Number of protein chains: 2
Amino acid sequence: MKTYGQFCGLARALDHVGDRWTLLIVRELLIEARRYSQIREALPGVATNLLADRLRSLEADGLIWKRPDGTYCLTAFGRRLEGAIHELVRWGAEWMSAGRGSDHFRPQWLAVALGALLAAETVGGVEIHADDEVLHVTDGRVSLGPLERPDAVIRGSAEDILAVAAGMLPISALSVRGDSNAVTQLMRRRDNVGSTTTFSDT
Amino acid sequence: MKTYGQFCGLARALDHVGDRWTLLIVRELLIEARRYSQIREALPGVATNLLADRLRSLEADGLIWKRPDGTYCLTAFGRRLEGAIHELVRWGAEWMSAGRGSDHFRPQWLAVALGALLAAETVGGVEIHADDEVLHVTDGRVSLGPLERPDAVIRGSAEDILAVAAGMLPISALSVRGDSNAVTQLMRRRDNVGSTTTFSDT
DNA sequence: CCGGATCCACTAGGATACTG
DNA sequence: CAGTATCCTAGTGGATCCGG
């Protein structure tokens, strides 16, 4: 990308992660370390050379790192984009209410969405079965895989779980077992989500 | 921009604000409502047709609104991007340490940078004279213009003030009058800024 | 099969000239 | 002043091919 040539944090940030696909690559690696072909299949439509280009740039900029086993992995610096990505996910939740339509969907994306949308102050562990994917939430952090002794277990389609987290469906749309208190506490959405578009001055 | 076609908050957000220049336009309107030509001169290098395109899209998406007097103004929905922009500014602070170089710089950009970098819990008012620009901070919010009864007044070049806020220079690089306590409290940077790039696993 | 590289058609972006 | 109209270039998308 051509640099904006502005001495401004936003412009400098966009100089490095403002390119098309770049933040989506970071999103994938935020979920877990991935191989080239795993990233590619998670990003339908990306050209192979473009993905290779982006990975090279991200590595040169110190955001990602290629492990000896061939998986790409975020550095600590790259992971510090999580806050910005979560903010964008929360803002983008507004555009989710139009429904899925014919868009692609991967259950793993739930990990990022839930990390951004769920209440951070949750105590205890909740296991989530979304379609065939299993993930869990502890202390407001979302990770892939099951939990040893979950306080509650939620089951539903990934789409429904996402819709509940985004406030588009009531919690009753999901099957919940165990401590239902932990679940309602978990699903209390963060700020900055779901207000209607209004026009104001100043 | 071509849509990513992904049912994901991040992808949907980028479908609307991921285009080149778009977030910088939002940044300008976050500072204050602006006319077409004011936006253009704040974004050196933007093509006139491109700016017109972006403004049309942003208006169609309900992020901005054209007032009867011809100034473009953020809607409440558009202003909800402030959190994401602040996060990007904080992340981008890492790239500011390379110095200004030959990049453009506008004193007004300080308003956004300070809003992102300064401690939000500040009490009292601090007036900032950056070159010929005057702005002030109250309750962690930054606005253009002077303050009625400031607790402290900071003077310096906009570049130095930015550098202090980003932690690249000590507070002693600036001239401070009044309650120096309020100033040191103000300049205590938020999290997520300034750690060195390290490589870690997992 | 994985991890790309190469080629080509297409589209978005950049620079400048021009207009109501 | 606030854009529109062009032209040209760089970046993107899609398909295919290639070496390990």
Side-chain angles (χ1 to χ4, degrees), chain A residues 1-6 10-11 14-29 32-61 63-74 102-104, chain B residues 1-6 8 10-11 13-29 32-61 63-74 102-104:
Chain A
M1 167 178 277
K2 195 180 171 184
T3 176
Y4 286 109
Q6 297 186 357
L10 178 63
L14 294 176
D15 279 344
H16 294 96
V17 296
D19 272 322
R20 191 159 163 77
W21 296 109
T22 302
L23 277 181
L24 296 187
I25 295 172
V26 174
R27 176 195 68 189
E28 289 305 313
L29 298 183
E32 61 178 356
R34 289 265 166 76
R35 309 184 68 81
Y36 180 90
S37 39
Q38 294 177 306
I39 301 173
R40 189 175 44 162
E41 64 185 349
L43 302 178
V46 71
T48 62
N49 58 345
L50 202 54
L51 177 55
D53 269 359
R54 297 290 184 268
L55 289 172
R56 264 191 295 271
S57 304
L58 286 170
E59 190 167 13
D61 287 342
L63 278 81
I64 70 172
W65 164 59
K66 189 171 183 175
R67 291 204 199 127
D69 67 0
T71 59
Y72 292 92
C73 173
L74 284 178
S102 57
D103 279 0
H104 300 275
Chain B
M1 169 179 275
K2 195 179 172 186
T3 176
Y4 286 109
Q6 297 186 358
C8 158
L10 177 64
L14 293 176
D15 280 344
H16 294 95
V17 296
D19 273 322
R20 192 158 161 78
W21 296 109
T22 302
L23 277 180
L24 297 187
I25 295 171
V26 175
R27 176 196 68 190
E28 289 304 314
L29 298 183
E32 61 178 356
R34 289 264 167 77
R35 309 184 68 81
Y36 180 90
S37 41
Q38 295 177 306
I39 301 174
R40 188 174 44 157
E41 64 185 349
L43 302 178
V46 71
T48 62
N49 58 346
L50 201 56
L51 178 54
D53 270 359
R54 295 291 184 266
L55 290 172
R56 262 192 296 271
S57 305
L58 287 171
E59 190 166 12
D61 287 344
L63 278 81
I64 69 173
W65 164 57
K66 188 172 184 175
R67 291 205 199 126
D69 67 358
T71 58
Y72 291 92
C73 173
L74 284 177
S102 57
D103 280 0
H104 300 275

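Each chain gets a letter, A, B and so on, in the order its sequence line appears, and its residues count up from 1. Quick caveat, the model's predicted, so the values are computed rather than measured.
- A search for salt bridge (charged side-chain N to carboxylate O under 4.0 Å, His left out) contacts involving Arg54(A) returns nothing, not counting sequence neighbours.
- Per the geometry, CZ belonging to Arg20(B) stands 18 Å off P belonging to dT9(D), to the nearest Å.
- For Tyr72(B) and dG3(D), the shortest distance from a side-chain N or O to OP1 or OP2 is below 4.0 Å.
- Here the closest non-hydrogen pair linking Asp61(B) and His16(B) is OD2-CD2, 3.0 Å.
- In terms of modelled atom types and a separation under 3.5 Å, the side chain of Ser57(B) and the main chain of Asp53(B) share a donor-acceptor contact.
- Here the shortest heavy-atom pairing between Arg34(B) and Glu28(B) reads NH1-OE1, 2.6 Å.
- The stretch residues 38-55 of chain B comes close to DNA chain D through Thr48(B), Asn49(B), Ala52(B), each having a heavy atom under 4.0 Å from the strand.
- Between Lys2(A) and Arg35(A), it is Arg35(A) whose nearest contact on DNA chain C lies nearer the 5' terminus.
- Tyr4(B) contributes a side-chain N or O that, together with a main-chain N or O of Trp21(A), makes up a donor-acceptor pair within less than 3.5 Å.
- Between Leu23(A) and Val17(A), the closest heavy-atom pair is CG-O, 3.6 Å.
- Summarising the geometry of Glu59(A) relative to Lys66(A), their closest heavy-atom pair is OE2-N, 3.6 Å, with the distance given to 0.1 Å.
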Compile the donor-acceptor pairs under 3.5 Å between side chains in residues 38-49 of chain B and protein atoms, sequence neighbours left out, one pair per line.
{"residue": "Gln38(B)", "atom": "OE1", "partner": "Arg35(B)", "partner atom": "N", "Å": "2.7"}

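- In the helix from dC1(C)-dG20(D) to dG20(C)-dC1(D), the rotation axis of the first five pairs and that of the last five pairs differ in direction by 30°, rounded to 10 degrees.
- Going from atom CG of Leu24(B) over to atom CD of Gln6(A) covers 5.5 Å, rounded to the nearest 0.5 Å.
- Read 5' to 3', the first and last nucleotides of DNA chain C with an atom closer than 4.0 Å to a heavy atom of chain B are dG13(C) to dA17(C).
- By the ring pair (Phe, Tyr, Trp, His ring centres under 6.0 Å) test, Tyr72(B) is found to be paired with no residue, residues two or more places apart in sequence or in another chain being considered.
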